[in-house]
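Values below: every heavy atom of this structure, side chains too, minus hydrogens, waters and symmetry copies.
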Amino acid sequence: MQVEQQTPFVDVHDHLVVMKSEQDNIPAIRAARESEDYIEVDPYSLMQEESRKQSMTATSLRGKDKIVVPPVLFYNKAMTEVVSAIHLGKNLCGHAGIIHGGMIATLLDEILGCVAFANLPKRVGFTANLNIDYRNPLPADQWVVLRGRLDRVEGRKAFVEAWIESVDGETRYSEAKSLYIGPK
């Protein structure tokens, strides 16, 4: 009789605590928390409840082997720069072990939107143009840092740029430039 080997039981709460601790110890996150020039914001607190329930990044992309813990988000005091950290699980791949390009585009659009919305007259807008340069394959099951900054605002238009980098800042996986337009 063959006995099936069982994996050790891992409490979901304990796993979340470990993941949150890892997130808190990412150098970019520690630096932002320690700096008087940055303020921490819950990225989903700015959304209305109905919008949050329908948000792809707050719902469909969350869970085991996806985005396990919510991202942390920091703005500089001028609201022209943003930094965030997120863990990308193994079920977000296009090719085995490599994060899907569409997922990368989604993350860049989210971080670009954070910078753009904070600077648009009505604090809301829509992606009018998104240009992405994929620099290096983004391996799954790791933490990454997302950074964004405002280039300029022209009336209802916000021009922004962002990138995804390794936690040590040595590897830039992708870069994007975007135009957001606010409603009339």
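Atoms CD and CG, from Glu161 and Asp151 in turn, are 6.0 Å apart once rounded to the nearest 0.5 Å.
One finds a salt bridge joining Asp133 and Arg135 here, because a Lys/Arg side-chain nitrogen approaches an Asp/Glu carboxylate oxygen to under 4.0 Å. Salt bridge status for Lys20 with Glu22: absent, with no side-chain N to carboxylate O gap under 4.0 Å. Under the 4.0 Å criterion applied to side-chain N and carboxylate O atoms, Glu154 and Lys157 are not assigned as salt-bridge partners. No salt bridge links Arg147 with Glu81; every basic N to acidic carboxylate O contact stays at or beyond 4.0 Å.
For the side chain to side chain contact (heavy atoms under 4.5 Å, CB included) with Phe74, the qualifying choice from Ile39, Asp37, Ile29 is Ile29, the only one to do so.
Within the 3.5 Å criterion, the main-chain N or O of Ala158 finds no donor-acceptor partner in the side chain of Asn119.
Scanning all heavy atoms of the two residues, the minimum distance from Phe159 to Leu150 falls at O-CD1, 3.6 Å. The two residues Ile111 and Ala162 come nearest to each other via the heavy atoms CG2-CB, 3.5 Å. Taking each heavy atom of Asp168 and Glu170 in turn, the nearest pair found is OD1-N, 2.8 Å.
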Atom pairs and distances, donor-acceptor, side-chain atoms in residues 177-184, under 3.5 Å, two or more places apart:
{"from": "Ser178", "atom 1": "OG", "to": "Asn129", "atom 2": "O", "distance (Å)": "2.6"}
{"from": "Tyr180", "atom 1": "OH", "to": "Asp109", "atom 2": "O", "distance (Å)": "2.8"}
{"from": "Tyr180", "atom 1": "OH", "to": "Asp109", "atom 2": "OD1", "distance (Å)": "2.6"}
{"from": "Tyr180", "atom 1": "OH", "to": "Gly113", "atom 2": "N", "distance (Å)": "3.2"}

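Arg62 has its side chain out of reach of Val68: every pair of non-hydrogen atoms, C-beta onward, lies at least 4.5 Å apart. In this structure the side chain of Ile86 reaches within 4.5 angstrom of the side chain of Leu88, judged on heavy atoms.
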Evaluate the criterion side chain to side chain contact (heavy atoms under 4.5 Å, CB included) for residue pair Met56 and Thr106; output intermediate values, then yes/no. CA-CA 9 Å; Met56 182 171 62; Thr106 298; 3.6 Å; yes

